[in-house]
**Q** 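Sharing a structure, written as structure tokens. Questions coming.
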Amino acid sequence: MALYELLNLTFQFLDSFAFIVLATVGLAIIFGMMGIINLAHGEFILVGAYATTLSFNLLGVPLVLAMLVGIIATTVYGIILERLIIHRLYGRLLDSMVVTFGISLVMIQLTRIVFGNSLDQIGTPFGGISYGVYSYSAYRIMLAGAAILTLAALYVVFTRTTFGIKARATIQDEETARSMGVDTDRMYLSTFAIGSALAGLTGALYAPTITMSPDLGANFLVEAFVAVVVGGPSVLIGTSLAGGFLGTIDAIFTYVGGTFIGQVALLTAAIFAIRFLPDGITGLLEDIRAKRREAQ
Amino acid sequence: MATSDPTVKTTAAVDETGVETDTILQTRGLRKQFGGLTATDDVDFGIDEGELRCLIGPNGAGKSTFLKLLTGRLEPTAGSIYYDGDEIGHLPSHERVSRGISMKFQVPSIYPDLSVRENLRIPLQRIADPDTFEQRTRETLERFHLEGTADETAANLSHGQQQRLEIAMAMTLEPTLMLLDEPVAGLSVEETAEVADLLRTINAEDDVAFVVIEHDIDFVETIADQVTVLHDGAIFREGSIEDVRNDPAVKRIYLGEEE
Amino acid sequence: MSYPSISRRRVLAGGTAGALAALGGCLEEGGVVGGGNGNGDDGPTIGILEDRSGEFALNGTSKWQSSLLAVEEINENGGVLGEEIEVYDPDPQSDNQRYQELTREAINSEDVDALWAGYSSATREAIRPIINDEEQLYFYTTQYEGGVCDRTTFAMGATARQQLGAVIPYMIEEYGPRIYTIAADYNFGQISGDWVRILAEEHGAEVLDEEYIPLGETDFGSTINNIQGEDPDFIASMLVGDSHTNFYEQRADTGLDIPMASSTTMAQGYEHLRVEPPALEDMYVGVNYMQEIETESSQEFVDSFYEMFPDADYLNQEAQNNYFSVHMWADAVERAGTFDQEEVIAELESGIEVDAPEGTIELDPATHHMTHHMRIGHADENHEVTFDEEQYIEPSFLHEVGCDLTSESEQTQYEPEEFYDAI
Amino acid sequence: MSSDSSASLAARLRAPFEGPNTIGNSNGFWASFGVAVLLLAIYPVLFGPYAAATSSVFLVYALLGVSLCFIWGFCGILSFGQVAFFGVAGYTFGIVAINLSSYTGVTLGIVAGIAVATLFAALLGYFMFYGGVRDVYVTIITLVVALVLHTFLGQTAGSEWAVGEAALGGFNGMVGIPDLGVGVGDVGITLDGAMHYYAALAALIATYLGLRVLVNSQFGYAMVATREDEARTEMFGYNTTFIKFVTFTIGGALAGLSGVLFVTWGNYIDPSEFAITAAAMPVIWASIGGRESIFGTIAAAIAIQWLELQLTGEWALVIVGSLLIIVMLAIPKGIAPGIRDLIVALQTRRQEPASDSPAPTEEVSD
Amino acid sequence: MLEIESLGVSYGKTPILRDIDITVDDGEIVGIMGKNGVGKTTLVKAVMGLLEASDGRIVFDGDVVVDATEASADDASNGVTGHLATALGLGSTAGTWVSADERARRGMGYIPQGRDVFPELTVRENLKMGESINEDDDEVRYEDVYDYFPILEERRSQEAGTLSGGQQQMLAIGRALIGNPDLLLLDEPSEGVQPSIVQDITRDLQQVNRDLGTTILFVEQNLHVVQHLAERCYAIDKGTIVDELGPDRMQEREAVTEYLAV
């Protein structure tokens with residue numbers, strides 16, 4: 001029995017971890033690398049989820065293909081938005097917050113006007129894993145794998161490819177990057193497109209598990225913000241660690257005290273994390289690394 | 001108290017706390033580490049009341065770190081700072097300023113979006129009665145050759161005017177010790193001469209002690225008698241400008257071959 | 001509730017300056033430009049404040065639509081007292097502040113003769129002070145936790161006692177006495193949870209555990225594990241809102257096949273149509289109306305509804321309540337011969353009967369609640385809904401606690417925990 | 001009395017309210033300020049007490065906007081959680097006034113509401129500023145604090161969550177909150193309906209003028225200096241941490257005042273006041289109106305809330321959202337500073353009649 | 001290699017540069033000297049394409065990269081509607097305009113003032129940034145850069161921000177060289193670098209010019225660099241060219257110091 005309960009806890013952790021990482025990663029790229037606080041992040045996820053659901057329901061394409069449609073649709077959407085609006089907001093951190101809030105209002109309501117109050121939901125594939133009297137959704141556990149894969153892929157893209165180096169260089173010093181032959185406009189656009197694609201991926205992956213309504217984005221926004229801040233400046237490592245840290249807190253407190261306690265514990269942990277680690281977990285990590293170097 | 005580095009000259013008498021009596025500022029074993037990097041290494045540095053001292057050294061010698069330790073922007077890893085007999089190494093910046101230490105940054109860091117008058121008001125209102133603001137502003141502008149700029153936005157001043165405004169703001173607080181980080185970086189010959197003149201006048205008239213970090217060795221020559229050379233975070237040489245300039249070791253690490 | 005020493009209608013109390021008194025007096029008379037208080041020559045207006053955007057749009061839209069249908073039917077038949085009814089129907093966007101502003105606007109500027117407003121209990125509570133203060137005739141049409149006993153408020157929806165009172169005993173008989181309650185963590189959910197316990201006690205059953213889930217929660221992994229650990233005979237589910245709908249999907253996904261009893265699913269948010277089958281397999285819900293009910297009166301209503309709104313998503317229980325209550329109000333006005341709200345209330349309190357799509361039902365004068373035809377809707381593995389049993393259930397709780405608005409005008413909400421030991 | 005001396009009297013009266021830290025120091029500005037106040041004052045007379053009672057809440061929102069404008073525009077602290085203090089004050093007022101049902105209770109409730117909000121802001125400010133939290137992280141902590149309150153109060157439904165007579169009420173909110181009033185025991189004055197409107201108007205005008213004095217005072221200069229360059233300001237001997245702490249606390253107190261006025265307007269408060277949509281509103285008002293202009297923020301708050309109420313159809317939120325985007329892109333500093341720049345530009349042009357190139361009006365269209 | 005004809009640059013309505021005429025021949029090292037604030041950095045940035053010209057032409061390697069002779073400086077930036085148009089990004093650029101990244105691809109290399117390396121990229125990644133301009137041309141590769149500056153090889157996986165000032169300057173030069181530019185633009189290579197390193201860097205640049213035939217145009221106010229590096233020199237003051245010094249006059253200390261801050 002104790003083993004089964006440990007499994008319960010593990011699965012709940014994986015579930016929370018996947019949710020936090022996937023909710024955060026697109027936002028983290030756009031915030032961490034481009035200095036845009038995207039309050040419409042949840043609505044980018046909405047685009048991914050809706051495109052996936054609609055192409056599955058209306059076109060009858062297989063789920064994986066529908067998810068691909070979701071990702072592509074969100075990417076295209078992100079590119080259009082970047083060209084129309086977002087590129088005017090680089091370097092205007094707080095203004096970007098207000099504008100994207102406006103975008104979020106418009107998107108939710110337009111979705112409602114165009115698609116109505118809900119869409120028929122896709123069923124969750126794979127069924128459950130049973131152990132003892134318990135069972136857990138296999139799909140939701142699989143999402144943890146998807147989260148880790150996503151992080152790994154991003155790590156490779158941003159540190160091992162010329163594109164990644166150019167993108168990081170552009171973010172650090174746009175002018176110099178331009179003088180090195182980098183089309184910085186395109187770099188910003190590409191980075192934003194990647195952030196959008198990740199939001200689309202999140203929407204696509206969660207489409208079979210969540211209710212399709214125009215305000216579904218709100219489900220993701222709070223966790224995403226908290227994790228970005230707790231993660232700190234180093235986007236990818238920060239997101240993984242914040243996902244791990246907050247996922248653990250969420251799983252344990254939910255397990256002990258129920259969903260409400262889990263939620264409150266998550267937010268409270270975030271406040272304390274920000275207060276005592278003003279540079280996030282990665283800031284702490286750098287301090288520790290520096291100390292170890294000193295000791296050697 | 002003997003200093004660990006034999007090249008440091010200690011000329012002043014020492015009182016029972018180990019702090020030299022006419023010394024306004026004294027550091028003891030001041031050290032700052034950033035992770036594995038020791039930016040400032042056991043520095044014992046002293047400056048007398050009314051002295052004008054220049055601090056030179058190659059890039060990365062720890063000059064800026066040292067200055068930041070003095071102003072309180074950085075917390076020392078070890079060691080202490082005595083100012084006017086009190087240990088101030090752990091006081092926040094603003095309290096050090098209240099005790100009479102003023103600082104001018106490397107880049108002119110005035111408030112660019114405020115007018116000159118408003119810029120001056122910020123230090124002024126800390127020490128003066130509101131009724132005297134107008135008059136004191138006028139006096140200050142005159143003294144620092146900024147007449148007629150009172151209502152300009154500070155960003156619109158020339159580089160030299162900005163440097164002077166910043167010194168004026170620092171001086172408004174009537175400090176006893178002023179820390180200047182490269183006060184003539186990027187100034188023209190005339191402007192440099194003007195600043196040198198200004199510093200000497202202030203030093204003489206107001207009895208303010210100066211610690212000046214500077215790259216321009218010619219400028220150093222025109223203003224300072226005593227020079228401290230920092231290297232690798234530690235004091236490398238201390239002495240008159242001629243001694244230092246002719247020291248082969250200093251030449252090797254810093255000045256390079258003269259043509 | 002409001003303390004007696006300060007009368008709301010009196011602007012001044014105690015010794016205050018004469019200037020203020022004069023100003024106050026002037027203001028009491030209404031402004032110079034407009035917004036007067038008198039019921040001038042304008043025709044009768046009713047206020048329909050139902051959400052068409054925001055969190056509750058899914059539930060609110062058809063409430064708004066069916067109200068318009070009722071108004072159109074009345075106007076086509078010559079209106080009320082020979083006058084066409086006008087509708088004041090801005091969208092409150094599921095925002096309680098907006099509800100407050102719009103309610104004041106409806107009462108003071110639009111001078112509505114009757115008001116229908118709001119889906120959630122929170123909305124009802126937000127505008128309740130204004131309704132009571134202004135003594136506005138108000139119809140609240142959502143199925144709810146029950147207990148509201150206000151002089152000018154008429155609760156048209158079935159209460160928790162009526163709905164759970166139909167379904168819980170049925171489930172105990174069908175599946176057994178061990179119950180696990182999951183409910184939304186707010187007043188409605190908690191009071192519903194209380195009712196499940198009261199009903200369990202009355203029928204010799206037992207509530208194993210209760211879990212109250214915050215609104216907006218989407219992850220039910222731990223909840224499902226907890227239920228599996230207890231292995232109840234059935235689940236009493238009073239989850240609310242879109243996020244909570246995820247529970248059913250996750251339940252199916254993990255293979256949890258314990259039957260469920262509910263007062264909140266299907267009839268309001270048509271989860272059986274939105275969620276992929278078989279997520280709601282073996283869901284039993286106590287309802288007074290669903291569009292799937294195959295009586296003649298129901299089918300007529302469904303037909304005219306979709307004729308007017310061909311693109312409508314669903315015709316829910318609350319929409320039916322709006323529909324019959326608009327008709328009922330018009331009927332009461334006709335009988336009273338005036339739009340005067342006091343007289344209309346008196347007429348309603350005379351024990352009015354209405355032919356609703358759910359069947360002929362009557363208003364209980366003492367409690368301002370309806371006696372409803374309660375059915376138990378059952379969803380099978382394909383989400384086909386069938387109805388097993390029909391009972392005619394009175395709003396008995398308020399009677400038991402002594403709410404009698406015909407003799408005493410009060411503004412109270414009664415809660416079951418004050419009257420039952422089971423809690 | 002000669003016109004000169006009356007002019008100088010006016011100048012002396014105006015002096016404490018004026019300075020480079022506020023927009024609008026001209027005769028023209030004060031004249032239009034007077035007109036605005038007058039219009040607001042006779043609004044209930046023109047449109048009736050019911051219109052006033054409905055509109056009162058716009059003034060309350062304006063005050064909430066001002067509480068943010070003050071700390072953001074003048075000290076550079078963007079709090080996304082002004083609603084936290086607003087809401088906490090509202091709940092506190094409710095608890096006190098419901099339990100002590102008399103004029104004394106209401107009066108104490110006002111004091112307690114503002115005091116608790118102030119204390120809460122002070123604690124949070126101390127926690128953040130003395131802990132080295134800065135910039136966007138302050139913004140996010142304050143937002144998270146509001147969300148924690150949202151989550152917490154949302155589940156306070158049961159009877160165990162009651163303070164004396166006052167039930168917190170969970171998601172359904174706290175009901176039965178009394179009207180605004182002042183007095184002792186049974187003797188006092190109730191400020192409801194149009195009187196609530198006047199109370200809110202008085203609070204708003206007093207706050208506006210008070211803040212103008214404050215931002216043009218020595219402390220105001222210290223705030224502005226901190227906003228412009230914190231490190232530099234510290235080098236002039238200012239304790240910038242303390243300045244931010246005090247500013248933030250004052251902002252909390254003002255938000256608390258507006259919270260008290262808010263709950264006495266609707267006799268109700270619920271946790272949605274702490275939700276992200278509610279939290280965004282003050283930021284929006286200040287951004288649109290111009291965060292460095294108190295007057296602009298007030299005007300924007302009233303205008304935006306009024307506009308939202310007028311827009312009733314399904315396109316309402318689309319229009320509001322689009323307006324937000326367009327204004328922020330076209331006039332990044334907000335409308336009030338935009339107007340000031342425009343006036344300055346026009347004046348400069350008038351002074352230089354040589355450069356009289358007519359403003360092309362058609363070029364915007366593409 | 002480079003011809004600049006009556007170039008003008010303004011910030012808003014304030015003219016910074018006027019009527020600049022400069023010619024640089026293939027393989028030459030040309031200096032532009034002037035005090036602080038006379039427009040040196042503006043000039044280099046305008047050549048590189050990081051600032052827009054309000055007037056004049058720039059011809060690089062036979063191609064016109066800037067032609068602003070027809071474009072009027074105040075068409076879009078004037079008036080209320082103009083302001084609005086600018087705010088909405090509707091401002092238009094007339095004439096020819098080749099963007100900075102395109103100029104880099106055509107063979108301009110740029111070493112910004114203040115050793116602007118990418119601080120959070122490693123040394124190796126910084127060099128890769130330079131390499132990415134000219135991927136199919138392997139005349140100068142990492143090995144050659146490491147030959148010039150062995151210290152960079154030693155520190156190749158260290159973040160550039162942790163290097164000393166002199167090392168960063170070497171990295172900035174190496175990064176530009178690895179793209180094998182035809183024209184190297186330097187903005188005050190001596191700034192903030194200690195005197196002994198300045199001498200090294202001067203030597204290295206001459207070496208590069210000799211070995212690879214790279215044309216060099218630099219702006220500077222350091223006497224040593226101007227005298228030792230440049231073959232020919234322009235003097236700039238108050239936004240315009242005030243003098244041109246041939247090799248003979250370059251050797252007269254007074255002729256040079258007249259225009260410098262030393």
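Letters A, B, ... are given to chains in the order of the sequence lines, protein chains preceding strands, and every chain is numbered from 1.
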**Q** Side chain, backbone, both or neither: which part of Met97(A) has a heavy atom under 4.5 Å from chain D?
**A** side chain
**Q** If I measure from the heavy atoms of chain D, does Val98(A) come under 4.5 Å with its side chain, its backbone, both, or neither?
**A** both
**Q** Contact part of Arg92(A) toward chain D, heavy-atom cut-off under 4.5 Å: side chain, backbone, both or neither?
**A**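 Side chain only.
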**Q** Under a 4.5 Å heavy-atom cutoff, which of Thr100(A), Ile103(A), Val226(A) has the most pairs with chain D?
**A** Ile103(A)
**Q** Highest number of heavy-atom pairs under 4.5 Å with chain D: which of Ile37(A), Ile85(A), Leu221(A)?
**A** Ile85(A)
**Q** Could you tell me which portion of Thr151(D) (side chain, backbone, both or neither) has an atom closer than 4.5 angstrom to a non-hydrogen atom of chain A?
**A** both
**Q** Are Phe127(D) and Phe272(A) side-chain neighbours, meaning at least one heavy-atom pair lies under 4.5 Å?
**A** yes
**Q** Which atoms of Ile108(A) come close to chain D, meaning under 4.5 Å heavy atom to heavy atom: side chain ones, backbone ones, both, or neither?
**A** neither
**Q** How about OH on Tyr90(A), more than 12 heavy atoms from neighbouring residues, nucleotides or ligands closer than 6.0 Å, or not?
**A** yes
**Q** Can you tell me how far the CG atom of Leu84(A) sits from the CD1 atom of Ile325(D), to the nearest 0.5 Å?
**A**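 Result: 10.0 Å between the selected atoms.
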**Q** Would you compute the distance between atom CZ of Phe225(A) and atom CD1 of Ile276(D) and round it to the nearest 0.5 angstrom?
**A** 6.5 Å
**Q** Mind checking whether Leu324(D) and Val106(A) have side chains closer than 4.5 Å, heavy atoms only?
**A**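 When only atoms from C-beta onward are counted, Val106(A) and Leu324(D) do not touch, as no gap falls below 4.5 Å.
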**Q** Need one label for Leu266(A): side chain, backbone, both or neither, based on atoms under 4.5 Å from any heavy atom in chain D.
**A** neither
**Q** A side-chain contact here means heavy atoms from C-beta on lying under 4.5 Å apart; do Asp95(A) and Pro332(D) qualify?
**A** yes
**Q** Is there side-chain contact between Leu110(A) and Trp315(D), with heavy atoms separated by less than 4.5 Å?
**A**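 Contact flag for Leu110(A)/Trp315(D) side chains = yes.
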**Q** Measuring heavy-atom distances to chain A, does Thr277(D) have an atom under 4.5 Å in its side chain, in its backbone, in both, or in neither?
**A** both
**Q** Which residues in residues 244-258 of chain A have any heavy atom closer than 4.5 Å to a heavy atom of chain D?
**A**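 Expected list: none.
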**Q** By number, which residues in residues 279-286 of chain D have some heavy atom less than 4.5 Å away from chain A?
**A**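 At a heavy-atom separation under 4.5 Å, chain A is reached by Ala280(D), Val283(D), Ile284(D).
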**Q** Should we count CZ of Arg83(A) as having more than 12 external heavy atoms under 6.0 Å?
**A** yes
**Q** What distance separates Arg88(A) CZ from Met328(D) CE, expressed to the nearest 0.5 Å?
**A** 13.5 Å
**Q** Between Leu78(D) and chain A, with a heavy-atom cut-off of 4.5 Å, which part of the residue counts as in contact: side chain, backbone, both or neither?
**A** side chain
**Q** Which answer fits Ile271(A), side chain, backbone, both or neither, if we ask what part of it has an atom under 4.5 Å from a heavy atom of chain D?
**A**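 For Ile271(A), backbone and side chain are both near chain D.
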**Q** List the atom of Val144(D), the atom of Leu267(A), and the distance in Å for their closest heavy-atom pair.
**A** CG1-O, 3.8 Å
**Q** What part of Val327(D) gets within 4.5 angstrom of chain A, counting heavy atoms only: side chain, backbone, both, or neither?
**A**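 No part of Val327(D) comes within 4.5 Å of chain A.
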**Q** Can you confirm whether Leu329(D) sits close enough to Leu89(A) that some side-chain heavy atom of one is under 4.5 Å from a side-chain heavy atom of the other?
**A** yes
